[in-house]
Amino acid sequence: MTAKIFIDGEHGTTGLQIRTRMAGRRDIELLSIPEAERRNQAMREDMLNSADVAILCLPDDASREAVQMVSGNNKVRIIDTSTAFRIAPDWAYGFAEMDKAQTEKIRSSRFVANPGCYPTGAIGLIRPLRAAGILPDGYPVTVNAVSGYTGGGKQMIAQMEDQSRPDTITANNFLYGLTLKHKHVPEMKTHGLLDRAPLFSPSVGRFAQGMIVQVPLFLDDLKEGTTIETIHKALVAHYAGQDIVSVVSLEDSAKLARIDAEELTGQDTMKLFVFGTQGGPHVNLVAVLDNLGKGASGAAVQNMDLMLSA
Ligand SMILES: NC(=O)C1=CN([C@@H]2O[C@H](COP(=O)(O)OP(=O)(O)OC[C@H]3O[C@@H](n4cnc5c(N)ncnc54)[C@H](OP(=O)(O)O)[C@@H]3O)[C@@H](O)[C@H]2O)C=CC1
Ligand SMILES: CC(=O)N[C@@H](CCC(=O)OP(=O)(O)O)C(=O)O
């Protein structure tokens with residue numbers, strides 16, 4: 001049986017990438033609205049209510065409206081890629097590898113919130129250490145990151161690529177979120193199992209897709225006896241038995257002189273590293289992913305496949 005899928009926002013950055021990933025699939029019938037009608041409420045409502053799974057690739061407010069449009073129709077299941085429902089208690093958080101029960105939660109949920117790109121890296125690094133008791137209560141977690149500019153959607157893509165625009169961005173690498181109130185902080189705190197909000201400082205580089213997320217830690221302030229090896233072991237144990245998130249060996253990490261933010265561009269996987277020197281006081285946890293892959297569209301397709309396998 002083919003499943004009917006509607007991507008609301010299919011002509012945007014995330015929507016287009018999801019559509020590309022579904023091209024050629026015979027188990028799916030893609031319901032579609034012509035680009036010129038993308039904001040036509042009546043057509044969207046009709047498509048939303050005709051789908052088995054609707055994937056929302058819209059700004060937060062438009063996502064909330066779309067969910068309202070199907071609220072009385074129990075047949076339709078939703079994957080929302082916006083920030084609107086990521087810490088809502090009645091939604092499943094769509095990061096299947098974040099703990100052993102999550103795959104099943106996603107498979108059986110009607111409502112699945114796709115994670116943000118930065119939180120995918122940050123939670124991927126932090127949560128296993130909280131679950132293993134390595135990262136204690138009260139630890140002041142900081143998260144620093146660089147993203148490809150497609151993370152800012154159609155508008156930032158135009159600002160970075162079209163120098164004739166009055167709002168063009170000329171910087172090759174810039175910090176933003178300078179008020180330290182980025183919309184991803186609540187999600188990192190909740191699903192990272194943190195008792196204190198992390199201090200998150202994002203940046204953007206002049207490359208389209210890719211991402212590095214860093215969580216530096218002081219070993220002396222972690223569970224007594226924690227070393228670079230125990231941290232690495234905890235991550236390896238956490239991600240055993242799946243093939244989306246990989247943990248690079250300490251030996252291979254030690255040989256690296258630099259990390260390329262674009263290393264996984266076009267892929268739907270994520271790589272985790274633990275950097276530092278044996279016996280040294282610090283470690284730097286690093287996640288590399290494609291902001292549009294495991295950070296958005298790749299995760300959405302993974303979640304859709306889990307839901308369709310129920
Ligand atoms: N880009 C990324 O790396 C990631 C993005 N996301 C999230 O995915 C969602 C989509 O982001 P992104 O694809 O980047 O954004 P884009 O701006 O690239 O695309 C959004 C699309 O939604 C359409 N749209 C906007 N408002 C409405 C509305 N009221 N009704 C119908 N259609 C509407 C837009 O049409 P129009 O052209 O007319 O504005 C556009 O086609 C956002 O919530 C974003 O936060 C999640 C993870 C990563
Ligand atoms: C570079 C850039 O602007 N990135 C976006 C986040 C991209 C992402 O993960 O999106 P959502 O949380 O919106 O789903 C931002 O900082 O708002």
Side-chain angles (χ1 to χ4, degrees), residues 6-20 32-45 47-48 54-69 78-87 93-95 112-123 143 145-161 169 171 173-188 191 200-213 261 265 268 289-301 303:
F6 174 53
I7 306 169
D8 200 355
E10 70 177 297
H11 304 288
T13 313
T14 311
L16 276 172
Q17 289 253 344
I18 293 174
R19 213 171 61 172
T20 307
S32 189
I33 291 181
E35 186 166 5
E37 300 292 343
R38 65 187 178 280
R39 284 173 179 260
N40 181 321
Q41 294 269 98
M43 283 177 93
R44 288 177 51 229
E45 184 156 0
M47 289 294 177
L48 283 164
I55 308 180
L56 312 180
C57 300
L58 305 164
D60 290 16
D61 286 345
S63 269
R64 289 191 190 93
E65 276 167 27
V67 170
Q68 277 304 313
M69 288 181 197
I78 301 276
I79 299 170
D80 177 42
T81 67
S82 85
T83 319
F85 300 104
R86 291 182 187 152
I87 55 169
Y93 191 63
F95 186 174
V112 174
N114 218 50
C117 47
Y118 296 118
T120 300
I123 294 162
V143 180
V146 62
S147 171
Y149 60 78
T150 54
K154 281 166 88 170
Q155 187 180 351
M156 188 178 287
I157 294 170
Q159 286 176 289
M160 292 295 276
E161 292 183 352
I169 297 172
N173 186 190
F174 60 90
L175 281 183
Y176 69 109
L178 303 176
T179 56
L180 305 181
K181 285 185 178 162
H182 193 278
K183 62 181 179 174
H184 286 173
V185 170
E187 181 183 348
M188 288 182 191
H191 300 293
F200 172 45
S201 177
S203 66
V204 167
R206 188 169 290 286
F207 55 94
Q209 288 172 236
M211 173 165 281
I212 295 176
V213 181
T265 294
D268 294 339
L289 63 155
D290 182 346
N291 58 296
L292 290 179
K294 182 63 175 163
S297 308
V301 174
N303 287 327

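Side-chain atoms are counted along with the backbone in the values below, which use heavy atoms only and exclude waters and symmetry mates. Positions are given from 1 along the sequence. In listed order, ligands and their atoms are each counted from 1.
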Peer 1: With heavy-atom distances below 4.0 Å as the criterion, list the atoms of ligand 2 near T81.
Peer 2: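 Contacts of ligand 2 toward T81, numbered from 1: 14 (O).
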
Peer 1: Tell me which protein heavy atom sits closest to atom 35 (O) of ligand 1, plus the residue, atom name and distance to 0.1 Å.
Peer 2: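 Looking only at protein heavy atoms, the one closest to atom 35 (O) of ligand 1 is R38 NE, 3.2 Å.
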
Peer 1: Which of the atoms of ligand 1 are close to H11, meaning less than 4.0 Å from one of its heavy atoms?
Peer 2: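 Those atoms are 41 (O).
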
Peer 1: Any idea which of C117, G177, S203 brings a heavy atom closest to atom 8 (C) of ligand 2?
Peer 2: C117

Peer 1: Could you pull out, from I157, L58, D290, the option with a heavy atom nearest to atom 43 (O) of ligand 1?
Peer 2: L58

Peer 1: With nothing but distance in play, are any N or O atoms of E65 less than 3.5 Å from an N or O of ligand 1?
Peer 2: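 N/O-N/O distance under 3.5 Å: no.
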
Peer 1: Check whether any side-chain N or O of T265 sits under 3.5 Å from a backbone N or O of Q209 as a donor-acceptor pair, and report yes or no.
Peer 2: yes

Peer 1: Does K183 have a non-hydrogen atom less than 4.0 Å from ligand 1?
Peer 2: yes

Peer 1: Within a 6.0 Å radius of atom CD on E37, are there more than 12 heavy atoms belonging to other residues, nucleotides or ligands?
Peer 2: yes

Peer 1: Report, in ascending order of atom number, the atoms of ligand 2 lying under 4.0 Å from any heavy atom of V204.
Peer 2: 1 (C)

Peer 1: Rounded to the nearest 0.5 Å, what separation is found between the CD1 atom of I7 and the SG atom of C57?
Peer 2: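 Here the interatomic distance stands at 6.5 Å.
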
Peer 1: Output yes when a side-chain donor or acceptor of S203 lies under 3.5 Å from a complementary backbone atom of A145, and no otherwise.
Peer 2: yes

Peer 1: Sub-3.5 Å donor-acceptor pair from the side chain of H11 to the main-chain atoms of A36, do we have one?
Peer 2: no

Peer 1: Stepwise, does the side-chain contact (heavy atoms from CB on, under 4.5 Å) test hold for V213 with F200?
Peer 2: CA-CA 10 Å; V213 181; F200 172 45; 5.9 Å; no

Peer 1: Going by heavy-atom distance to atom 15 (O) of ligand 1, choose the closest among A296, C117, A299, G153.
Peer 2: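 When every heavy atom of A296, C117, A299, G153 is considered, G153 comes closest to atom 15 (O) of ligand 1.
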
Peer 1: Would you mind checking which non-hydrogen protein atom is closest to atom 8 (O) of ligand 1, with the distance to 0.1 Å?
Peer 2: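 The closest heavy atom on the protein side is T81 OG1, 3.0 Å.
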
Peer 1: May I ask you to decide if G116's main-chain N or O and T120's side chain share a donor-acceptor pair within less than 3.5 Å?
Peer 2: yes

Peer 1: Counting each atom of ligand 1 from 1 as listed, which ones have a heavy atom of A62 under 4.0 Å away?
Peer 2: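 Selected atoms, number and element: 28 (C), 29 (N).
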
Peer 1: N/O to N/O below 3.5 Å, does that happen between T150 and ligand 1?
Peer 2: yes

Peer 1: Do side-chain atoms of T150 reach the backbone of A208 as a donor and acceptor pair under 3.5 angstrom?
Peer 2: yes

Peer 1: Just checking, is any N or O donor in the side chain of S32 or E10 under 3.5 Å from an acceptor N or O on the other one?
Peer 2: yes

Peer 1: Side chain of R38, backbone of P34: donor and acceptor closer than 3.5 Å?
Peer 2: no

Peer 1: Could you tell me whether a side-chain N or O of D60 sits under 3.5 Å from a main-chain N or O of S82, the two making a donor and an acceptor?
Peer 2: no

Peer 1: Any Lys/Arg nitrogen of R44 or D8 sitting under 4.0 Å from an Asp/Glu carboxylate oxygen of the other?
Peer 2: yes

Peer 1: Using a strict cut-off of 4.0 Å, indicate which atoms of ligand 1 neighbour a heavy atom of L292.
Peer 2: 1 (N), 2 (C), 3 (O)

Peer 1: Under 3.5 Å, is there a donor-acceptor pair between the side chain of N291 and the main chain of G210?
Peer 2: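 A pair under 3.5 Å: yes.
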
Peer 1: Give the residue and atom name of whichever protein heavy atom lies nearest to atom 17 (O) of ligand 2, and the separation in Å to one decimal.
Peer 2: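 Residue, atom and distance for the closest contact: K183 CE, 3.4 Å.
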
Peer 1: Please check if any side-chain donor atom of N114 sits under 3.5 Å from a side-chain acceptor atom of D80, or the reverse.
Peer 2: no

Peer 1: Restricting to non-hydrogen atoms, name the atom on G121 and the atom on L289 that form the minimum distance, rounded to 0.1 Å.
Peer 2: CA-CD2, 4.3 Å

Peer 1: What residue and atom, counting heavy atoms only, is the protein's closest point to atom 14 (O) of ligand 2, and at what distance?
Peer 2: R86 NH2, 2.4 Å

Peer 1: Does even one non-hydrogen atom of P59 get within less than 4.0 Å of ligand 1?
Peer 2: yes

Peer 1: In terms of residue, atom name and distance, what is the protein heavy atom nearest to atom 15 (C) of ligand 2?
Peer 2: H182 NE2, 3.4 Å

Peer 1: Number the atoms of ligand 2 from 1 as they appear, then name those within less than 4.0 Å of a heavy atom of T83, with their elements.
Peer 2: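 This gives 12 (O), 13 (O) as the contact atoms.
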
Peer 1: If you have a sec, work out which protein heavy atom is nearest atom 37 (O) of ligand 1 and how many Å separate them, to one decimal?
Peer 2: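 That would be K154 NZ, 2.5 Å.
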
Peer 1: Identify, for atom 18 (O) of ligand 1, the protein heavy atom at the shortest distance, and state residue, atom and that distance.
Peer 2: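 It is T13 OG1, 2.6 Å.
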
Peer 1: To which of R44, R39, M43 does the heavy atom nearest atom 24 (N) of ligand 1 belong?
Peer 2: R39

Peer 1: Above 12 or not: heavy atoms from other molecules or residues under 6.0 Å from CD of E161?
Peer 2: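 Yes - once you tally the heavy atoms of other residues, nucleotides and ligands closer than 6.0 Å, there are more than 12.
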
Peer 1: Tell me which one of A158, C57, G9 gets a heavy atom nearest to atom 20 (C) of ligand 1.
Peer 2: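 Heavy atom nearest to atom 20 (C) of ligand 1 belongs to C57.
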
Peer 1: Provide the number and element of each atom of ligand 1 under 4.0 Å from a heavy atom of N291.
Peer 2: 3 (O)

Peer 1: When you measure from atom 4 (N) of ligand 2 to every protein heavy atom, which one gives the shortest distance, and what is it?
Peer 2: G151 O, 3.2 Å

Peer 1: Which residue and non-hydrogen atom of the protein lie closest to atom 4 (C) of ligand 1, and at what distance in Å?
Peer 2: T14 OG1, 3.7 Å

Peer 1: Note the single closest protein heavy atom to atom 10 (O) of ligand 2, along with its residue, its atom name and the distance in Å.
Peer 2: H184 NE2, 3.9 Å

Peer 1: Students often mix this up, so state it plainly: with edges at 30° and 60°, are the rings of Y118 and H182 parallel, tilted or perpendicular?
Peer 2: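 Plane angle over 60°, so perpendicular.
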
Peer 1: Could you list which atoms of ligand 2 come closer than 4.0 Å to a heavy atom of G116?
Peer 2: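 Selected atoms, number and element: 9 (O).
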
Peer 1: Pick whichever of Y149, Y176, Y118 has a heavy atom sitting closest to atom 2 (C) of ligand 2.
Peer 2: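 Nearest option to atom 2 (C) of ligand 2, by heavy atoms: Y176.
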
Peer 1: Considering only heavy atoms, which of G12, G151, A36, A66 lies nearest to atom 40 (C) of ligand 1?
Peer 2: G12

Peer 1: Quick check on contacts: which atoms of ligand 2 are under 4.0 angstrom from a heavy atom of M156?
Peer 2: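 Result: 3 (O).
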
Peer 1: Could you tell me, atom by atom, which parts of ligand 1 come under 4.0 Å of a heavy atom of G295?
Peer 2: 47 (C), 48 (C)

Peer 1: Calculate, to the nearest 0.5 Å, the distance between atoms CD1 and CZ belonging to I55 and F6 respectively.
Peer 2: 10.5 Å

